[in-house]
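Down below is the structure, laid out as structure tokens.
Position 1 is the first residue of the sequence, and the numbers go up from there. What you see below is based on every heavy atom in this structure, not just the backbone, and it leaves out hydrogens, waters and symmetry mates.
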Amino acid sequence: MPSIWIPVEVLAGVLALLLVVVVAVFLRRRRIARGKVLTLCGIRTSAQPRWRLGLVRMGSAQLEWFSLNGLSRRPHHIWTRGGLELSAPVPLADGEGIALLPEAVLVVGTYLDFPFDLAMRPEDYRALRIWLESAPPSFNTDLTIA
């Protein structure tokens, strides 16, 4: 059998490219977080019935979902706190497991009558529920001072 020889320049180029990708992914994640709560979460909609992994960021007024793939820093889904409703978590059905979220629970959500499913770790669901049910001071208040 002939031996396969890879030139050093090709190997160095592949390693450099791999390093650039790792650094880009790390920087993207840091920019997406921007000091806010960020967690791993799967999403499934009627338009896209397969689970897609991503990152969920909880801001003061909205919940944003970013795809795990790619380098875009723009969210694919944005839900404001007032229009978002979440069900109680239930275990994922057999065969629906997500490799990066082995103990994930299923949370059925609706946003302005648009249904979707979320898969997340139970402790992340509790944080999301607390975020949804609490509001920062003066959020959606309508006080008239006489």
Side-chain angles (χ1 to χ4, degrees), residues 6 8-146:
I6 300 173
V8 174
E9 294 84 11
V10 172
L11 186 58
V14 169
L15 289 176
L17 181 62
L18 182 62
L19 181 64
V20 167
V21 168
V22 168
V23 169
V25 167
F26 174 77
L27 290 176
R28 175 183 179 256
R29 190 229 173 264
R30 296 227 355 150
R31 287 193 180 193
I32 287 174
R34 292 188 299 188
K36 298 177 183 171
V37 177
L38 189 70
T39 186
L40 188 62
C41 177
I43 188 169
R44 177 175 66 184
T45 64
S46 57
Q48 295 177 328
R50 295 185 62 192
W51 285 110
R52 294 181 349 166
L53 276 177
L55 300 169
V56 168
R57 178 173 69 189
M58 295 175 234
S60 61
Q62 60 191 20
L63 184 68
E64 300 169 327
W65 185 88
F66 299 84
S67 176
L68 200 57
N69 300 329
L71 296 176
S72 175
R73 293 186 316 235
R74 290 189 174 158
H76 288 281
H77 298 282
I78 299 174
W79 305 289
T80 58
R81 189 190 303 249
L84 184 61
E85 294 181 21
L86 299 176
S87 72
V90 296
L92 284 173
D94 289 338
E96 274 196 321
I98 301 173
L100 292 178
L101 292 168
E103 62 219 23
V105 293
L106 171 67
V107 178
V108 177
T110 56
Y111 180 71
L112 303 176
D113 296 328
F114 174 74
F116 59 92
D117 296 332
L118 297 176
M120 59 182 55
R121 297 179 318 157
E123 53 271 17
D124 293 334
Y125 168 76
R126 286 191 291 275
L128 180 59
R129 174 58 71 184
I130 290 168
W131 172 87
L132 185 61
E133 293 177 356
S134 66
S138 75
F139 182 77
N140 281 343
T141 58
D142 187 17
L143 298 176
T144 306
I145 301 174

Which atoms form the tightest heavy-atom contact between [X] and [Y], and what is the distance?
X	Y	answer
Thr80	Tyr111	OG1-OH, 2.8 Å
Trp51	Leu92	CZ2-CD2, 3.9 Å
Pro122	Val105	CG-CG1, 4.0 Å

Ring pair (Phe, Tyr, Trp, His ring centres under 6.0 Å) partners of Phe116, counting only residues at least two apart: Trp79
Test log, rule side-chain contact (heavy atoms from CB on, under 4.5 Å), inputs Ile32 and Arg74: CA-CA 8 Å; Ile32 287 174; Arg74 290 189 174 158; over 6 Å; no
Between atom [atom1] of [X] and atom [atom2] of [Y], what is the distance when rounded to the nearest 0.5 Å?
X	Y	atom1	atom2	value
Thr45	Ile43	OG1	CD1	6.5 Å
Leu53	Asn69	CG	CG	8.0 Å
Thr110	Leu86	OG1	CG	7.5 Å
Cys41	Leu38	SG	CG	10.5 Å
Leu68	Arg28	CG	CZ	7.0 Å
Leu128	Glu133	CG	CD	9.5 Å

Side chain Arg57, main chain Trp65, donor-acceptor under 3.5 Å: no
Side-chain donor or acceptor of Arg81 paired with backbone N/O of Trp131 under 3.5 Å: yes
Results of side chain to side chain contact (heavy atoms under 4.5 Å, CB included) for Leu27 - residues two or more places apart only: Val23
Distance-only donor-acceptor check, side chains Tyr125 and Arg121, under 3.5 Å: no
Distance-only side-chain donor-acceptor flag, Gln48 / Arg52, under 3.5 Å: yes
side-chain contact (heavy atoms from CB on, under 4.5 Å) between Leu55 and Thr39, worked out: CA-CA 5 Å; Leu55 300 169; Thr39 186; over 6 Å; no
More than 12 heavy atoms from other groups under 6.0 Å of CD on Glu96: yes
Within 6.0 Å of CZ in Arg30, more than 12 heavy atoms from elsewhere: no
Side-chain heavy atoms of Leu40 within contact of Met120, under 4.5 Å: no
Counterpart residues, salt bridge (charged side-chain N to carboxylate O under 4.0 Å, His left out), relative to Glu9 (two or more places apart): none
